Amino acid sequence: MNNISLNYEYVKGFVDDNDLSEIQKRVHKCHQDLLNKACPGKDYLGWIDLPKNTNQEEIKKIQDAGNWIRENSDVFISIGIGGSYLGARAAIKALTHIFNNELPDAKPRIYYAGNSIYPDYMSDLLDVIKNKKIALNVISKSGTTLETALVFRILRNFMLKVYGKKETYKRIFATTDAKKGALLELSRQTGIKTFVIPEDIGGRFSVLTPVGLLPMAVSGIDIVEMLKGAADMATQTASPNIYENVSYLYAAIRNILYEKGKVIEIFANFTHSMSYVAEWWKQLFGESEGKDGKGIFPTVVNYTTDLHSLGQLVQQGMRNLFETFLIVDEPGIDVMIPGDDKNLDGLNYVSGHTFGYVNKKAKEATERAHYEGGVPNMTITVPKLTAYHTGQLFYFFEKAVAISGLLLGVNPFDQPGVEAYKKQMFHLLGREKY
């Protein structure tokens, strides 16, 4: 298996052929609207052709910056929030050593900031980076997003005291708007190297732009392969036919379930490396669909861990939810379970098998048990953990959420509700205008 696949055996009885036939007509209309840019949010569709249109000059610029950072830094800090950091973090978590920062030869160690205003996190991060060679990538279209801008101010001040102006601004990379904003102005004043966030791509769809690609390049991920996987998935999802387009099939099934009262989607991850892919998915779907009093509530669990905390509720709680499992077919790395002469724990029946084998059986048991308990579920399978297949997965979900949001009757590409808490917060902080 070379491509991402969807198994929906365990939605039978909740979704039938007639349901799929009926929604196909609506999917076709949404597809045409998307293709012709006749849908809500039509000015933010640059992500659709992005994987095929990214030019070699830009890729080389990103690769060169990534190489420089790796060669000249002990620590790299990605500063951003939401779509400005989740995609890169998802890819890096998926494709590098889980304990990379703990490896003695790790260079650079990668940290994330600007995604919260936790004082303890900021204070401890400052402790960790003392006496280290630091490089920053600050990611913000406006340069004034509160969490990101506050953290950038603190870290920039820290670096200025250590390095002075010239070396500090050599070590800062900004990913921002091409024409305006505080970050762009600072870059013009100081000579900070900049990368552009395309005007026609919203934050949560920006993982395959310099927003995501620069941190990936710093981590050593092959961004050319990442874009190739996404480009191939764009080709594979070009048909409006849900039986030929795996992204549209996923979108169709989840909308049918929603219309039948399944208003919560549990995204169940069975691979630790994919835990931040799940977090990226949560923002992508939550921010795209949750508006106008509509939307499937997206939540994330990590199985089997969360079977011991939420398993009871999923098995026997309110029947208003469905699950989407994410698995990796070939994990690549595995651990053999040894035998034991005394067998005090009674586990010799699995000796000679691997963790991966047991994990696979746990997944099969979970999907069957939850289905029998009234929870429809489907499985998205990624063939391998590679840059190519991760690129496929990012594009798969972007295409799916676009059609899913249009099926819901909302604009999948805006987020007007996000501004509500900001207005209240700025008022409480004493900001005069917003």
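Nothing fancy with the numbering, it's 1 onward along the sequence. What you are looking at is a predicted structure, and each value in this text was computed from that prediction instead of being measured.
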Show your reasoning for whether salt bridge (Lys or Arg N to Asp or Glu O under 4.0 Å) applies to Glu265 and Arg254. CA-CA 8 Å; Glu265 180 175 11; Arg254 60 196 305 278; 2.5 Å; yes
Assess whether a salt bridge exists between Lys25 and Glu22, defined as any Lys/Arg side-chain N lying under 4.0 Å from an Asp/Glu carboxylate O. yes
Report yes if the side chains of Ile337 and Thr354 come closer than 4.5 Å at any heavy-atom pair, otherwise no. no
Would you kindly say whether His389 and Thr386 are connected by a side-chain donor-acceptor distance under 3.5 Å? yes
Applying side chain to side chain contact (heavy atoms under 4.5 Å, CB included) to Leu95 and Met226, what does each step give before you reach the verdict? CA-CA 11 Å; Leu95 299 172; Met226 177 78 62; 4.0 Å; yes
Distance alone, cut at 3.5 Å: any donor-acceptor contact between the side chains of Asn137 and Thr175? yes
For the atom pair CG (Asp222) and OG1 (Thr390), what is the distance rounded to the nearest 0.5 Å? 11.5 Å
Can you name the closest pair of heavy atoms from Phe152 and Leu183 and give their distance? CE2-CD2, 3.9 Å
Leu155 and Ile77, any side-chain heavy atoms less than 4.5 Å apart: yes
Does this structure show an ion pair linking Asp414 with Lys291, if we count only N-O contacts that are shorter than 4.0 Å? yes
Phe173/Trp68 under side chain to side chain contact (heavy atoms under 4.5 Å, CB included): CA gap, chis, key distance, verdict: CA-CA 11 Å; Phe173 299 79; Trp68 188 92; 3.9 Å; yes
Can Ser21 and Asn18 be said to form a side-chain hydrogen bond (donor to acceptor under 3.5 Å, both in side chains), step by step? CA-CA 5 Å; Ser21 178; Asn18 185 60; 5.4 Å; no
Run the side-chain hydrogen bond (donor to acceptor under 3.5 Å, both in side chains) check on Asn7 and Thr379 step by step: do they pass? CA-CA 5 Å; Asn7 185 316; Thr379 297; 6.0 Å; no
Below 30° counts as parallel, above 60° as perpendicular, anything between as tilted: where do the rings of Tyr248 and His31 land? perpendicular
Flag yes if more than 12 heavy atoms outside Arg153 fall under 6.0 Å of its CZ atom; otherwise flag no. no
Check whether more than 12 heavy atoms from other residues, nucleotides or ligands sit under 6.0 Å from atom CD1 of Ile333, and answer yes or no. no
Quick check, are the ring centers of Tyr276 and Trp280 under 6.0 angstrom apart? no
Tightest non-hydrogen contact, residues Ala362 and Thr304, listed as CB-CG2, 3.7 Å
Set out, in order, the CA-CA distance, both residues' side-chain angles and the distance that settles side-chain hydrogen bond (donor to acceptor under 3.5 Å, both in side chains) for Asp340 and Ser351, then state yes or no. CA-CA 8 Å; Asp340 186 278; Ser351 64; over 6 Å; no
Evaluate Arg26 against Glu259 for salt bridge (Lys or Arg N to Asp or Glu O under 4.0 Å), listing each step before the verdict. CA-CA 14 Å; Arg26 293 163 53 201; Glu259 291 164 4; 3.1 Å; yes
Would Asp19 and Lys260 pass as an ion pair if we require N to O under 4.0 Å? yes
Of all heavy-atom pairs linking Pro376 and Leu257, the shortest is CG-CD2, 3.8 Å
So how far is it from Glu398 CD to Ser206 OG, rounded to the nearest 0.5 Å? 8.5 Å
Are the ring centres of Tyr250 and Tyr8 closer than 6.0 Å? no
Which atom of Leu6 lies closest to which atom of Ile253, heavy atoms considered: CD2-CD1, 4.3 Å
Should Gln392 and Gln236 count as side-chain neighbours, where that means a heavy-atom distance under 4.5 Å? yes
Basic-acidic side-chain contact under 4.0 Å: Lys60, Glu57: no
According to the interplanar angle, ranging from 0 to 90°, do the rings of Phe267 and Phe397 count as parallel (below 30°), tilted (30 to 60°) or perpendicular (above 60°)? perpendicular
Start with the C-alpha gap between Asn377 and Val11, add the side-chain angles, then the distance that decides, and say whether side chain to side chain contact (heavy atoms under 4.5 Å, CB included) holds. CA-CA 6 Å; Asn377 59 78; Val11 301; 6.0 Å; no
Which pair of non-hydrogen atoms, one from Ser140 and one from Ile197, has the smallest distance, and what is that distance? C-CD1, 4.0 Å
Does atom NZ of Lys193 have more than 12 heavy-atom neighbours from other groups under 6.0 Å away? no
So do the side chains of Glu58 and Thr54 get within less than 4.5 Å of each other, counting heavy atoms only? yes
Working for side chain to side chain contact (heavy atoms under 4.5 Å, CB included), residues Asn302 and His272: CA-CA 8 Å; Asn302 293 296; His272 188 278; over 6 Å; no
Which residues pass the ring pair (Phe, Tyr, Trp, His ring centres under 6.0 Å) test with Tyr10, sequence neighbours left out? Tyr371
Would you compute the distance between atom OG1 of Thr96 and atom CG of Leu385 and round it to the nearest 0.5 angstrom? 10.5 Å
Just wondering, more than 12 heavy atoms not from Tyr112 lying within 6.0 Å of its OH? yes
Between Thr235 and Asp232: side-chain donor-acceptor atoms closer than 3.5 Å: no
Kindly indicate whether the side chain of Asn115, heavy atoms from C-beta on, has any atom under 4.5 Å from the side chain of Glu147. no
Polar contact flag, side-chain donor to acceptor under 3.5 angstrom, Ser404-Asn255: yes
Hey, does the Lys NZ or Arg CZ of Lys61 hover above the aromatic six-ring of Phe195, less than 6.0 Å from the centre and inside 45° of the axis? yes
Just wondering, do Leu393 and Met274 contact through their side chains at under 4.5 Å, heavy atoms? yes
Any chance you could lay out the salt bridge (Lys or Arg N to Asp or Glu O under 4.0 Å) test for Glu367 and Lys363, step after step, and finish with the verdict? CA-CA 6 Å; Glu367 63 186 354; Lys363 183 263 179 184; 2.7 Å; yes
Over 12 foreign heavy atoms within 6.0 Å of OH, Tyr421: yes
Please check if the number of heavy atoms outside Asp105 that lie under 6.0 Å from its CG is greater than 12. yes
Could you pull out the closest heavy-atom pair between Ala149 and Gly143, with the gap in Å? CB-O, 3.7 Å
Measuring from Leu103:CG to Ile98:CD1, what's the distance to the nearest 0.5 Å? 11.0 Å
Step by step, work out the salt bridge (Lys or Arg N to Asp or Glu O under 4.0 Å) result for Glu279 and Lys282. CA-CA 5 Å; Glu279 292 300 319; Lys282 183 170 68 176; 3.0 Å; yes
Less than 6.0 Å separating the ring centroids of Phe325 and Phe270? yes
Thr271-Ser273 side chain donor-acceptor pair, cut-off 3.5 Å: no
Aromatic rings Phe413 and Trp47: how do their planes relate, parallel, tilted or perpendicular, breaks at 30° and 60°? tilted
Decide yes or no for Phe355 and Met336: does some side-chain heavy atom of the first lie under 4.5 Å from some side-chain heavy atom of the second? no
Flag side-chain contact, heavy atom, 4.5 Å: Ser78 against Arg89: no
